[in-house]
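The residues of the chain are indexed from 1 along the displayed sequence.
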Amino acid sequence: MPDEIRLTRVPSLAATHTKEAGNFLYHITDAPVASLLLQNGLPLNKRHPLMLTEQNGISAWLAKISEYLHGNASEKAVILRLRRVMVEDALEPDLDHTAEFASNCYLLSGNFNRTIS
């Protein structure tokens, strides 16, 4: 995984209204997991890949996560953003979540298709 991958925490309103939507992918989680990801970077685990979605999948993911977080999910959920180009070769389509969220979703599996120097 390239060192220059920047994982950024973004407010939900900013995430859903950015003009460069196609350039980014998003992961939504709770605050403790978000802190770990921001400190330690993205995990590459083929058995438990990290799910990512495009901008138009954020609302559906927030609705889904509200089932697990009590109260307003948008206040308790943390949206993390990264540049698509940095992980593009390590993504696999997540067809189940793509159908559920009506947005392209991916699994960050770590199966790179090319060598990163």
Side-chain angles (χ1 to χ4, degrees):
M1 190 61 92
D3 292 334
E4 59 272 5
I5 293 176
R6 290 192 184 97
L7 192 60
T8 308
R9 182 179 181 156
V10 292
S12 59
L13 190 58
T16 56
H17 291 89
T18 183
K19 294 176 184 171
E20 298 175 341
N23 295 333
F24 295 100
L25 293 173
Y26 301 87
H27 179 74
I28 301 174
T29 189
D30 59 20
V33 172
S35 292
L36 285 173
L37 292 173
L38 288 166
Q39 289 175 351
N40 301 326
L42 297 172
L44 292 179
N45 186 325
K46 294 175 186 176
R47 291 186 182 183
H48 303 287
L50 190 72
M51 190 182 112
L52 301 169
T53 190
E54 295 178 347
Q55 182 184 34
N56 58 353
I58 293 172
S59 297
W61 198 339
L62 286 172
K64 177 90 174 168
I65 206 169
S66 70
E67 297 172 13
Y68 304 102
L69 299 175
H70 301 292
N72 187 349
S74 63
E75 290 178 9
K76 295 182 181 182
V78 176
I79 301 172
L80 301 174
R81 177 177 78 179
L82 66 147
R83 289 201 177 275
R84 176 192 300 264
V85 70
M86 300 308 296
V87 295
E88 208 161 32
D89 290 332
L91 297 176
E92 296 179 21
D94 181 350
L95 302 178
D96 293 335
H97 283 109
T98 293
E100 181 180 3
F101 291 0
S103 172
N104 289 329
C105 295
Y106 308 93
L107 298 174
L108 182 62
S109 66
N111 291 327
F112 282 94
N113 296 322
R114 68 173 193 224
T115 304
I116 296 177
S117 52

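Of the candidates Glu92, Glu54, Glu88, Glu54 is the only one forming a side chain to side chain donor-acceptor pair (under 3.5 Å) with Tyr106.
There is no path of hydrophobic side-chain contacts, each under 4.5 Å, that joins Leu95 to Phe101.
Interatomic distance, NE2 of His97 versus NZ of Lys64, reported as 6.0 Å (0.5 Å rounding). Taking CG of Leu52 as the reference point, atom CG of Leu42 lies at 7.5 Å (rounded to 0.5 Å). Ile28 CD1 to Leu62 CG: the interatomic distance, rounded to the nearest 0.5 Å, is 4.0 Å. Here Leu107 contributes atom CG and Asp94 contributes atom CG; the two are 4.0 Å apart, rounded to the nearest 0.5 Å. Annotation: the span from Met86 atom CE to Leu7 atom CG amounts to 12.0 Å, rounded to 0.5 Å. Atom CG in Leu36 sits 9.0 Å away from atom CG in Asp30 (nearest 0.5 Å).
Residues that satisfy the side-chain hydrogen bond (donor to acceptor under 3.5 Å, both in side chains) test with Asn45, not counting sequence neighbours, are absent from this structure.
No side-chain heavy atom of Asn23 sits less than 4.5 Å from a side-chain heavy atom of Val85. In this structure, Gln55 and Phe24 have side chains that are not in contact, with every pair of non-hydrogen atoms separated by 4.5 Å or more. Residues Leu108 and Leu25 are not in side-chain contact: their nearest non-hydrogen atoms beyond the backbone lie 4.5 Å or more apart.
In this structure, the side chain of His27 engages the main chain of Met51 through a donor-acceptor pair within 3.5 Å. Side-chain atoms of Thr98 come within 3.5 Å of backbone atoms of Cys105 as a donor-acceptor pair (strictly under, hydrogens ignored). No donor-acceptor pair under 3.5 Å is formed between the side chain of Thr8 and the backbone N or O of Leu82.
The shortest non-hydrogen separation linking Gly57 to Ser103 is N-OG, 3.2 Å. The two atoms that bring Ser109 and Pro49 nearest to each other are CA-CB, 4.0 Å, heavy atoms only. Nearest approach of Ala102 to Asn56, heavy atoms of both residues: O-ND2, 4.4 Å. Val78 and Ala34 make their closest contact through CG1-CB, 3.5 Å (heavy atoms, listed as atom of the first residue, atom of the second, distance). Closest approach of Arg9 and Leu80 over heavy atoms only: CA-CD2, 3.8 Å.
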